2 protein chains.
Amino acid sequence: MTEQRRQPRSRPETLARRRDILDAATEIFGAKGFTGGTLQEIADQVGMTHAGILHHFGSKDALLLEVLAHRDQTDVADLAEQHIPDGMDLFRHLVRTAFANAQRPGIVQAYAVLSAESVTSDHPGRAFFQKRYETLRGEVAHAFAVVCAERGITEPDTVADAATAILAVMDGLQVQWLLDPTALDLGRASQFAIEAIVASVLEPVPSPLAGSAVISADQSRSTV
Amino acid sequence: MTEQRRQPRSRPETLARRRDILDAATEIFGAKGFTGGTLQEIADQVGMTHAGILHHFGSKDALLLEVLAHRDQTDVADLAEQHIPDGMDLFRHLVRTAFANAQRPGIVQAYAVLSAESVTSDHPGRAFFQKRYETLRGEVAHAFAVVCAERGITEPDTVADAATAILAVMDGLQVQWLLDPTALDLGRASQFAIEAIVASVLEPVPSPLAGSAVISADQSRSTV
DNA sequence: GTCTATAACGCGATAGAC
DNA sequence: GTCTATCGCGTTATAGAC
């Protein structure tokens, strides 16, 4: 994150053309995944041939990496460069984002599909998402550190788990929502879960599951 | 779920061969996704040609559907048919499952990759995952209803959001864990999140985010 | 900078021998 | 039930005209 904007490109009209391609690629990769989407479809959408796209980006892999970088600097610009909301404001920002995401299923699907696809062997987007999650976990953990410093001490493990869990629940809710938008209210469910996690960090509750050995990794077979 | 086991197949050795193919297909589809995995790779793994696989399953799409059905009836057998843990026991079961999942990344990856891939247009596994999540949400919501009846009344929306969120956080944690197994403890983080969500249903806390308009879907640009 | 043409390959699926 | 062979198509990528 916070990469320098590289601009070694030449003509101004060329840059606009590249942006058209990036937008089309975001849509196609989001709709069909990276493996499923083809240069042909992207080319059709911007009105050129697939050879033209390869002229601009060199290869399909390189195109994906530029799509991810471009989306990130467009979408997270205000969060990463401009002003990172801190402390409790970050959690409010995340909730607002979840409500906003409900209005743009295309972008949500692109991230949901590509992030999960990236765990497959030698996927070109894997390093990007590894770094992305690492950065986001750090930002959320920092917000927890700020609010915890105001109130009391909290276990480092708890903060780490909570930060990971907040990102996880937002992602997981998106997948369920994409599969069936009528099954849940994306914003409301995200707000509920984030508040639950934040609250349990600020005021830890005794485990409601106590009363049976829970910790050991036994031979349970269910996948879920 | 709770499908009748269909056994219109003939020879006993053929059934064993089919099972070999299903296991190999689970591994390949899990490692490379449905679109990315090929019949050739699956065939190599069981020592035959791709034509042989098509003889048994007819098409690649049909093979995926049988993989999903087979995995489901194998893994969730005890949960769905035998004895569905109820009330608080279900949440304990989910936590145990998360710890157990940390010992079998292959299966975890198969579900993570295929469920996210299934949101893409006309994916053959889409209906399966829609139904799967619908069923799981129902089971978790029922567990909430049981524990709520013991203690007090809770909003239906809250129960629905909590049920969805528990499944979501388990899925989302799996993706982050697959991308970097050292970044989080899958079982511990799942337990933390599930306890936080269950606790906030049983003893609702005033929103820790209060103090600023949070609800409205504004023009936030961040994706997260 | 975009095109046409083509190379080189892999895919799923089918046909028919054994 | 498994094989070989092949069809037909789509893919990424390259070469070269304009």
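Within every chain, numbering begins at 1; the chains are lettered A, B, ... in the order of the sequence lines, protein sequences first and strands thereafter. None of these values were measured; they are calculated from a predicted model.
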5'-most contact on DNA chain D (nearest-nucleotide basis), B/M48 vs A/D61, goes to B/M48
Within 45° of the axis and under 6.0 Å from the centre of the six-membered ring of B/Y111, does NZ or CZ of B/R71 qualify? no
With a 4.0 Å cut-off (strictly under) to non-hydrogen atoms of chain B, the first and last hit nts on DNA chain D, 5' to 3', are D/dG1 to D/dT4
In whole angstroms, the gap separating C1' of C/dT14 from NE2 of B/H50 amounts to 9 Å
Rounding to 0.5 Å, atoms CD (A/Q109) and CD (A/E27) come to a distance of 10.5 Å
By the 4.0 Å heavy-atom rule, please label B/L39 as base, sugar-phosphate, or nothing.
sugar-phosphate
I'd like to know whether A/Q191 forms a side-chain hydrogen bond (donor to acceptor under 3.5 Å, both in side chains) with A/E195, so could you lay out the CA-CA distance, the side-chain angles of the two residues, the decisive distance to 0.1 Å, and finally the verdict. CA-CA 6 Å; A/Q191 177 169 11; A/E195 287 182 348; 3.2 Å; yes
Face-on cation placement of A/K60 at A/F29 ring, 6.0 Å and 45° thresholds = no
A/Q40 CD to C/dT4 P, in whole Å, measures 11 Å
| request: Check for a donor-acceptor pair, side chain of A/T38 on one end and backbone N or O of A/E41 on the other, with a separation under 3.5 Å. | output: yes
Distance col, row B/L178:CG vs A/S115:OG, nearest 0.5 angstrom, shows 11.0 Å
Quiz item: Which is true for B/T38 with a 4.0 Å heavy-atom rule: it touches a base, it touches only sugar-phosphate, or it touches nothing?
Solution: sugar-phosphate
